[in-house]
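Encoded as structure tokens, the structure appears first; notes follow it.
Quick caveat, the model's predicted, so the values are computed rather than measured.
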Amino acid sequence: MKFKAFLTDHGINLLEKRFLQALDKMGKVCHLYLTRDHAIFLHNLLNGDGIQSIAQFQKEALFEDYRISSQNDDRIAFTIDLSLLHRALRSILTIYTEFGGSHSSDTASNRLQIKLVKKLPPHSSQPMPFLTFETKGYKSAVIQDVPISKPLSRADVLELQAALDMAQDLPQTLVQVPDMNQLQSFVDRMKHVGDVLNVSITKYGDLHLQISTSLITLGAEFRKLKVIGEQARVPSGDENLTAQTRTRRAIDKGDAMSVQVSVKHFFKSIQCHLAKPDCAFYGIAQQGSCLTVVFQFFVPGTRQTDKSISLHCRLPVLIDSGTN
């Protein structure tokens, strides 16, 4: 089982400045799943607890000279502490940047390598696996080791792949929220009000959020959003109705779904804005099994989707009903 690659400057920026801090908000520990073509960070795919998040990178988005081999069809997976990973990367970058990064005239001697190794920790008689960063300074190499779990067995890798395949299914209707700051502002206010959030999404392009307690009801509605997938025309006469009435009518017609999710989980999903997505799509899975949030990234300077990066979250519902 071998993995070795060199991080590109673009890959360093993606991880250190954007994705690691966002993913750390989802949960301290996650699976890192390496295949021939992708590096994937996965939260909670092998257990039913908490928010699931999937951040997937084509190898070219992060690495060059990417080499991987294993008896599991060149697939390697393990758990890793994201805060330790982020700290090690930041530490090694201090030396890497000091000597000019990959723009140094002596490029071959100053590249940031990442690889899997087994080492004997201090005061231990058993070799342990590590994900290691290495770069060469003026006179010596600098190494940062991040402890990881024992790599998953073939059966566990197959289970992880099956869970990943299942998590890739998207809702039939997705609505786009281009202004994440507006949504963030509302979530910041409501997270102190209660624990349960009601989320309704219509095929007309409406996203309705409401949180209620015995003392207060707080809601926000985003209308006329871009719809991807199944959509429908707004019924005539509905424009002057209240948001609750319009949503209830849409649900009765089969043009909307509504679920309840944890405010804590919803707030966590919003923290993915730290990865600097260009917009987000919300949708409710069939039978109301989960609330899905898909973050979209554009190729810099364009409005074209960057297909080398994907990030989405699946929030478990508190009441397993897509209609009530």
task: Would you mind telling me which of H10, R111, K59 makes a side-chain hydrogen bond (donor to acceptor under 3.5 Å, both in side chains) with E64?
output: R111

- request: Among R246, Q210, H208, find the one that has a side-chain hydrogen bond (donor to acceptor under 3.5 Å, both in side chains) with E221.
  value: R246

Report the distance from atom [atom1] of [X] to atom [atom2] of [Y], rounding to the nearest 0.5 Å.
X    : Y    : atom1 : atom2 : answer
L131 : F78  : CG    : CZ    : 5.0 Å
I76  : Q71  : CD1   : CD    : 11.0 Å
L84  : S91  : CG    : OG    : 12.0 Å
T132 : D145 : OG1   : CG    : 3.5 Å
I201 : L174 : CD1   : CG    : 7.5 Å

message: Walk me through whether F281 and L170 qualify under side chain to side chain contact (heavy atoms under 4.5 Å, CB included).
response: CA-CA 11 Å; F281 294 85; L170 295 179; over 6 Å; no

With a 4.5 Å limit on heavy-atom distance, are the side chains of [X] and [Y] in contact?
X    : Y    : value
F266 : I211 : no
P235 : K253 : yes
L197 : F267 : no

Reference residue I309; test side chain to side chain contact (heavy atoms under 4.5 Å, CB included); the match among F57, F295, F298: F57

- line: Partner of I148 under side chain to side chain contact (heavy atoms under 4.5 Å, CB included), picked from L85, L116, T79, is L116

- request: Give me the other members of the hydrophobic cluster that M128 sits in, counting Ile, Leu, Val, Met, Phe, Trp and Tyr linked by side-chain heavy atoms under 4.5 Å, directly or via other members.
  value: V117, F130

Should the heavy atoms of other residues, nucleotides or ligands under 6.0 Å from [atom1] of [X] be counted, would the total exceed 12?
X    : atom1 : answer
R18  : CZ    : yes
K4   : NZ    : no
D188 : CG    : yes

field: Ring centers of F186, F222 separated by less than 6.0 Å
entry: no

- request: Start with the C-alpha gap between D37 and T35, add the side-chain angles, then the distance that decides, and say whether side chain to side chain donor-acceptor pair (under 3.5 Å) holds.
  value: CA-CA 5 Å; D37 301 310; T35 72; 5.5 Å; no

Residue list, side-chain hydrogen bond (donor to acceptor under 3.5 Å, both in side chains) with H312, at least two apart or on another chain: none

message: Could you check whether S258 and N198, counting side-chain N and O atoms only, form a donor-acceptor pair closer than 3.5 Å?
response: yes

query: Which atom pair, heavy atoms only, marks the closest approach of I92 to V142?
result: CD1-O, 3.3 Å

Those residues that, when tested against K203, pass side chain to side chain contact (heavy atoms under 4.5 Å, CB included) (two or more places apart): T173, E230, A232, D255

Full working for salt bridge (charged side-chain N to carboxylate O under 4.0 Å, His left out) between D81 and K28: CA-CA 6 Å; D81 185 312; K28 184 178 179 182; 3.6 Å; yes

